[in-house]
Amino acid sequence: MGFTPRGGRGGFGDRGGRGGSRGGFGDRGGRGGGRGGFGDRGGRGGLANTTFKAADVDEAVAAEALVIVEDEVLPEVLAEEVVVEVPGAAQGVEPHRHEGVFVSRGKEDHLLTKSVAPGIEVYGEKRVSVDTTTKGEDGTPVTTKVEYRIWNPFRSKLAAGIIGGIDNIYMKPGSKVLYLGAASGTSVSHVSDIVGPTGNVYAVEFSHRSGRDLVNMAQSRTNVIPIVEDARHPMKYRMLVPMVDCIFADVAQPDQARIVALNAQQFLKVGGGVVISIKANCIDSTAAPEAVFAQEVQKLRAERIKPQEQLTLEPYERDHCIVIGQYQEAN
């Protein structure tokens, strides 16, 4: 496949638009969901099959409504966690073309990952519970609940790239991923969902403050190995990381290409994937973003990383792009 720079955002289908209608006040029912409410207030837009807490119950909830829910009063919402459930068929969760990623079809389309730690949220994301029916050993139908987590492209550059239409993320169930620049683990948690219990995410973060959050997140996700270390020195964590299928990098440093190359030489399989988020201002704030992106692509070529795709992350991130490449065998 040739190197194909692209711009702009893609989408899930023929739908577009982010927000939903806002709920009303006074004694009127809100739009976008059930009429029920609290006291004499009207209801807000409903979240189908979504788990949320008291802190989440505000007008912003209506903007992330998935499907319209029938009139329903949610008692004690300010005192405890509430789960609103709708049958899976109505929810419309379907697989994305990238294995391990899903899309919910409803009033709004959302990117989802199947949670490997059901019941636990990482950064306040909404959770969607779907009923699935399978046959038991005796042939009788068995209904189980599957929990998905909404993946916000404004909080994750990888999600923004997937929505934009990148062809290959080099991650799937069972993959081993080295994640450079893990921060507090927002995107790492979704990569953890993608690779599943048979895969692993080796998450490297230099900041000790963010590293504490990363370690706390990993306590409920056994496939995440947090590494609080400088990604410029991969030899310091060489005993923790095996050969991996993919390197994702979001380190926002002027020598980002060099950092990725050092880690690829140590840990990336030949033919493995490199997914890099490039922030132009962190590399050269005086040059045009397009010139910075082209310069970084040339640096990757020199490090045996063959660029395959380039995609801007507008409107989710300004002056950002994501580059997909494949690690080549040395001549």
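The list of side chain to side chain donor-acceptor pair (under 3.5 Å) pairs with a residue in residues 275-285, not counting sequence neighbours, reads D284-T286. Among pairs with a residue in residues 249-259, those fulfilling salt bridge (charged side-chain N to carboxylate O under 4.0 Å, His left out) read K157-D250, R232-D255, D255-R258, at least two apart in sequence or across chains. Under the ring pair (Phe, Tyr, Trp, His ring centres under 6.0 Å) criterion, no residue pair touches residues 195-233, with sequence neighbours excluded.
Of all the heavy atoms in R221 and V116, the pair that sits closest is NH1-CG2, 3.1 Å.
At a cut-off of 3.5 Å, with distance as the only test, a side-chain donor of R304 or Y327 sits close to an acceptor on the other residue. Side-chain contact check for S104 and H110: no donor-acceptor pair (N or O, by modelled atom type) lies under 3.5 Å. Side-chain contact annotation: S192 with N223, donor-acceptor N/O pair under 3.5 Å present. S184 and D213 share no side-chain donor-acceptor pair at under 3.5 Å.
Under a hydrophobic-cluster definition in which Ile, Leu, Val, Met, Phe, Trp and Tyr are linked whenever side-chain heavy atoms come within less than 4.5 Å, directly or via other members, V101 and V201 are assigned to the same cluster. Under the 4.5 Å side-chain contact rule for hydrophobic residues, M243 and I305 do not share a cluster. In this structure, V215 is not a member of the same hydrophobic cluster as I225, with clusters built from ILVMFWY side-chain heavy atoms closer than 4.5 Å.
Below 30°, between 30° and 60°, or above 60°: for Y316 and F154 the angle between ring planes is above 60°, a perpendicular geometry.
When ring centroids are compared, H190 and Y123 come within the 6.0 Å threshold.
Not a single donor-acceptor pair under 3.5 Å links the side chain of R301 to the backbone N or O of K306. Formation of a donor-acceptor pair under 3.5 Å by the S175 side chain with backbone atoms of K172 is found in this model.
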